[in-house]
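Naming convention: chains lettered A, B, ... in sequence-line order (proteins, then strands); numbering from 1 in each chain. Since this is a predicted model, take the numbers as computed values, not measurements.
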Amino acid sequence: MMDNQASAAAATSIEISLVSDQACLLQFSNIISDAVADQISLVTTALRELEGIIDLIPSYTTLLVVFDTGCFDRFAIQKALQGVLASIDWSSAGNRASQEVVIPVYYGPEVGPDLEDVATHCQLDIEEVIRLHSTTTYRAYAIGFTPGFAFLGNTPEVLHVPRKTTPRLKVPLGSVAIAERQTAVYPSVTPGGWQILGRTPIALVDWASDSLALIKAGDNVRFEPMTKEEFLAQGGNFDGF
Amino acid sequence: MAFKVLKPGMLTLLQDLGRHGYQHLGVTSGGPMDEVAFRWGNALLDNPDNSPQLEITFGMLSLEATQPTSIAIVGADLEATINGEAAMPWQTYEIKAGDVIHFQQSKFGLRAYLAVKGGFLAAPVLGSVATVMRESLGGFDGKGSKVQKGDLLPFHATSNHTPRHLPRLAIPNYEQVEIDVVTGYQYARFSGLDRARFFNSDYTLSQNCDRMGYRLEGQAVGQDQPGIISEGIAYGAIQIPSDGNPIVLLKDRQTIGGYPKIGCVTSISGGLLAQKKPGDKIGFRFMTIDQAERERHLQMSRINQWR
């Protein structure tokens, strides 16, 4: 949580620039931090109320605003954005009731083909890799790459590993993986170069549900180890390797 | 009340104006690669702006009507015929049960649109029928499938037909090779030499051009620029990866990315670019945001006033 002065100063440093005839970018900072992520969450929520906004894409330090050119011209959109920024109560940044998402994971050799390599690289045993990965609370900084793919950070420093030199052509659904300081769950079968530690049996996206995607930008995310039996009982499978 | 698909074509997709409001979940917008052509298609039939149409890439599509309707063909000239008779784009045609509509191959431009009176019928997914194959969303089946042989593409039959065609002056010029670009805040990261090279070179469309983006080949610019912190990507954004060959991101683009961007193709020029084929040459032309805005308003009001 930020003190008021710091947050007010941060708010005035938000730069609005036009990206195209249909989009503006709000740049909050050049540095990734929880305080910046809190501000972005706050602004994203506030802008949802603004008529004529087509899409909002929050990321680590920026928010892309796609607007209806029938509602705004280049001056009107900047004025409207400034108006919203001015009306925000920055003291509430960090107070947000952030959703905590708990994702059960089976960390096992059948679904975590890179467990051993990661352990070797980090000079830890496999149990320690699992313990470190599952006792950290992560923040969803950005959603993208594929629908529902959440970039979660930060992994403990000892777990920082490079991406695989040759990406896999198909990463199985629900795979839980790490790369550098990030971790993620693959919501669909895609190519991917991250190191795979395990798999969750739960669906990350369900377009028929009201929530659509399990993880949203700004959420806190935790992984909870489950046994092979629990994994299978909840519909988990060993497909893909 | 449908078209029966005799030949599915290379890539035939159901599209509306796109899936908006879900990019924060990583869901791309989709929608017609050539928005202006699409809007004219619906205007010609007096359909609502968002009525679903077929986007026909390259051609080789054959449809047989099971019921009467009125159609509009717009966009690229794919040598369309109706019962063997040539059917030029940018006008409406009366269709009777049993008529066969055939799109042969690209004569001029790459993507044609087939609009039908009242629009094609499909259940929207996340508010849109736009087909995004990569995300398994939209289309006639809701699962992102392209049109396939034997499919029935439903519409409400009608015998009301109004012959209409676009005034010659309103027809987009697909021969235009200049693609208009507005420069954004990351433009400052590129050297004066890179900027001059970018706006004064010819670029060739590579084989890697699809609905997601067009990869160009030619004068490399800004090689080995460090990446940026991943941020939201606007339609038309021109990414510069480390090899310096620009990539223009189009309707099925990924929602976020970390390559530096030298600028953004305007929404109107993006449609022209989408009509180009691998091997075609283009050049980028600097445009101010206010010119881009004026051009878009002009296009939109031309369509709306004509209705």
Nearest 0.5 angstrom please: [X] [atom1] to [Y] [atom2], how far?
X        : Y        : atom1 : atom2 : result
B/Ile229 : A/Ser29  : CD1   : OG    : 7.0 Å
A/Asp55  : B/His24  : CG    : NE2   : 8.0 Å
A/Thr146 : B/Arg134 : OG1   : CZ    : 9.0 Å
B/Ile289 : A/Gln22  : CD1   : CD    : 10.5 Å
A/Phe145 : B/Thr255 : CZ    : OG1   : 10.5 Å
B/Lys261 : A/Ser20  : NZ    : OG    : 11.5 Å

Segment of [X] engaging chain A (4.5 angstrom heavy-atom cut-off):
X        : result
B/Tyr187 : neither
B/Leu25  : both
B/Ile233 : backbone

Just so I understand: if I count every heavy-atom pair under 4.5 Å between each of [options] and chain A, which residue has the most?
options                      : result
B/Ile228, B/Val182, B/Leu126 : B/Leu126
B/Ala292, B/Ser136, B/Ser267 : B/Ser267
B/Asp290, B/Val181, B/Val27  : B/Asp290
B/Gln254, B/Glu293, B/Arg296 : B/Glu293

**Item:** Closest heavy-atom pair and its distance - B/Gly232, A/Ile57
**Value:** CA-CG2, 3.9 Å

**Item:** B/Ile256 to A/Ala142 - nearest heavy-atom pair and separation
**Value:** CD1-CB, 3.9 Å

**Prompt:** Do B/Tyr185 and A/Gln27 touch side chain to side chain, with heavy atoms closer than 4.5 Å?
**Reply:** yes

**Message:** Are B/Ser230 and A/Phe151 packed together at the side-chain level, in the sense that at least one heavy-atom pair is separated by less than 4.5 angstrom?
**Reply:** no

**Request:** Below 4.5 Å from any heavy atom of chain B, which atoms of A/Leu18 appear? Answer side chain, backbone, both or neither.
**Result:** both

**Prompt:** Is it the backbone or the side chain of A/Leu25 that comes under 4.5 Å from a heavy atom of chain B, or both, or neither?
**Reply:** side chain

**Message:** Surrounding CD of A/Glu51 (heavy atoms of other residues, nucleotides or ligands, distance under 6.0 Å), is the total greater than 12?
**Reply:** no

**Prompt:** Taking everything shown except A/Asp210 itself, do over 12 heavy atoms lie less than 6.0 Å from its CG?
**Reply:** no

**Request:** Could you list which of residues 61-68 of chain A have a heavy atom closer than 4.5 Å to any heavy atom of chain B, in residue-number order?
**Result:** A/Thr61, A/Thr62, A/Leu64

**Prompt:** Could you name the residues of residues 174-205 of chain A that have a heavy atom within less than 4.5 Å of a heavy atom in chain B?
**Reply:** none

**Message:** Once salt bridge (Lys or Arg N to Asp or Glu O under 4.0 Å) is applied, do any residues pair with B/Lys143, and if so which ones, sequence neighbours excluded?
**Reply:** none

**Fill in**
So the salt bridge (Lys or Arg N to Asp or Glu O under 4.0 Å) pairs with at least one residue in residues 243-254 of chain B (sequence neighbours excluded) are B/Arg211-B/Asp252

**Asked** Taking atom types as modelled and ignoring hydrogens, do the side chains of A/Asp21 and B/Thr266 form a donor-acceptor contact shorter than 3.5 angstrom?
**Response** no

